[in-house]
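The chains referred to below are lettered A, B, ... by the order of the sequence lines, with proteins before strands, and numbering in each begins at 1. These numbers were taken from a predicted model, which means no experiment stands behind them. What you see below is based on every heavy atom in this structure, not just the backbone, and it leaves out hydrogens, waters and symmetry mates.
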Number of protein chains: 2
Amino acid sequence: MEMLTKLEELILLSVWRLKENAYGTTIYNYIADVTGKKLSLGGIYFPLDRLAKKGYLTAYIGEATPERKGLSKRYYHLTDRGIQALGEIKRVNEIMWADFPEIALSI
Amino acid sequence: MEMLTKLEELILLSVWRLKENAYGTTIYNYIADVTGKKLSLGGIYFPLDRLAKKGYLTAYIGEATPERKGLSKRYYHLTDRGIQALGEIKRVNEIMWADFPEIALSI
DNA sequence: CTCCCTTTTTCTAATTATTAGAAATTATTT
DNA sequence: AAATAATTTCTAATAATTAGAAAAAGGGAG
């Protein structure tokens with residue numbers, strides 16, 4: 001499997017964590033909150049589609065809920081391949097980060 | 001601090017792990033070994049310079065050793081900023097990956 | 001009913017990053 | 001001197017991200 005970009009990795013992980021509530025805006029917010037980095041909301045959709053095309057995610061259009069506004073949400077869900085890709089990344093991370101110390105926060 | 005690319009992250013981590021022996025080729029080999037992904041050796045140098053320009057790494061030209069061939073090695077070393085950046089990434093990873101299960105390897 | 005507001009996705013142009021691979025550099029060996 | 005090996009450097013092609021504007025659709029206010 002080819003190497004995923006950092007954003008793709010973060011998106012996959014967000015979809016996993018958000019479970020049944022993973023769509024563009026919630027994924028964007030989750031990543032922005034956890035990383036504290038500014039990214040562009042629009043820019044989340046391109047890698048999201050790419051991940052779906054590559055078979056890591058499936059997309060389905062959300063049903064109407066009473067208070068809905070805007071375009072229909074596109075919800076995402078991890079495929080087995082997506083879960084497996086995350087598992088591989090996790091294994092690489094465990095090797096790469098082994099023994100890396102906790103760093104004191106600079107005040 | 002802006003978000004580092006996946007390659008930049010892997011390079012920084014490799015420099016940390018390789019200690020006094022971190023230069024283009026060893027960094028490339030380490031990343032290739034751990035990730036098992038094919039990347040291009042030449043393609044390691046551009047992000048390496050970029051990380052140095054951004055202040056995460058310092059470079060110094062290696063001294064001649066008895067059996068040297070080729071261009072002088074450029075060794076890299078993490079700056080405090082580089083170590084701090086890795087610490088930040090580690091903290092984000094710990095949040096993002098919390099509770100993610102071990103996946104059985106597909107045979 | 002019409003207009004505005006909000007939430008959401010889509011699109012586009014500009015910029016930045018990666019890849020592949022060939023070229024250059026230098027020391028050693030033949 | 002030529003060949004070889006270990007390195008870095010360079011270049012062109014491709015891919016990815018960013019910034020931000022535009023479009024879609026439903027709800028609510030008047």
In whole angstrom, what separates [X]'s [atom1] from [N]'s [atom2]?
{"X": "A:L4", "N": "C:dT19", "atom1": "CG", "atom2": "C1'", "result": "16 Å"}
{"X": "B:I44", "N": "C:dG21", "atom1": "CD1", "atom2": "P", "result": "16 Å"}
{"X": "B:L39", "N": "C:dT18", "atom1": "CG", "atom2": "P", "result": "11 Å"}
{"X": "B:Y75", "N": "D:dA6", "atom1": "OH", "atom2": "P", "result": "14 Å"}
{"X": "B:L48", "N": "D:dC10", "atom1": "CG", "atom2": "P", "result": "14 Å"}
{"X": "A:L10", "N": "D:dT18", "atom1": "CG", "atom2": "C1'", "result": "16 Å"}
{"X": "B:E2", "N": "D:dT18", "atom1": "CD", "atom2": "C1'", "result": "13 Å"}
{"X": "A:L41", "N": "D:dA22", "atom1": "CG", "atom2": "P", "result": "16 Å"}

Listed partners of [X] passing side-chain contact (heavy atoms from CB on, under 4.5 Å), at least two apart:
{"X": "B:S40", "answer": "none"}
{"X": "B:T58", "answer": "B:H77, B:T79"}
{"X": "A:T35", "answer": "A:L10, A:I31, A:K37, B:V92"}

By the ring-ring contact (aromatic ring centres under 6.0 Å, His included) test, which pairs, at least two apart or in different chains, include something from residues 9-29 of chain A?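 Qualifying pairs: A:W16-B:F100, A:Y23-A:Y75.
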Among all residues two or more places apart in sequence or in another chain, which pass the salt bridge (charged side-chain N to carboxylate O under 4.0 Å, His left out) test with A:E8?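 With neighbours one apart ignored, the set is A:R50, A:K54.
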Applying salt bridge (charged side-chain N to carboxylate O under 4.0 Å, His left out), can you list everything that pairs with A:R74, at least two apart in sequence or on another chain?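 Applying salt bridge (charged side-chain N to carboxylate O under 4.0 Å, His left out) to A:R74 gives A:D49.
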Pair listing, salt bridge (charged side-chain N to carboxylate O under 4.0 Å, His left out) test, anchored in residues 39-48 of chain B, at least two apart: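 The answer is none; no pair qualifies.
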Comparing B:D49 and A:S72 on DNA chain D - which has the more 5′ nearest nucleotide: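 Nearer the 5' end of the strand: B:D49.
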Please tell me which of B:M3 and B:G42 maps to the more 5' nucleotide of DNA chain D, matching each residue to the nucleotide holding its nearest heavy atom.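 Looking at DNA chain D, the more 5' nearest nucleotide goes with B:G42.
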What residues from residues 18-30 of chain B pass a heavy-atom cutoff of under 4.0 Å to DNA chain D?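 Listed by number, they are B:Y23, B:G24, B:T25.
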Tell me whether the side-chain N/O atoms of A:K73 come closer than 4.0 Å to OP1 or OP2 in C:dT8.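 Answer is yes, contact under 4.0 Å.
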Looking only at heavy atoms, what is the nearest atom pair of A:L48 and A:G24, with distance?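 Of all heavy-atom pairs spanning A:L48 and A:G24, the closest is CD2-CA, 4.2 Å.
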Among D:dA24, D:dT9, D:dA19, the one nearest A:L71 by side-chain distance: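 In terms of side-chain proximity for A:L71, the closest of D:dA24, D:dT9, D:dA19 is D:dA24.
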Which nucleotide in the set D:dA19, C:dT6, D:dT9 lies at the smallest distance from any side-chain heavy atom of A:S40?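 Shortest atom-to-atom distance from the side chain points to D:dA19.
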Between N or O atoms, less than 3.5 Å apart, protein on one side and nucleotides 13-17 of chain D on the other: list the pairs.
from	atom 1	to	atom 2	distance (Å)
D:dT17	OP1	A:T5	OG1	2.9
D:dT17	OP2	A:R50	NH2	2.6

For A:N21, does the CG atom have more than 12 heavy-atom neighbours from other residues, nucleotides or ligands under 6.0 Å away?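 Above 12, so yes.
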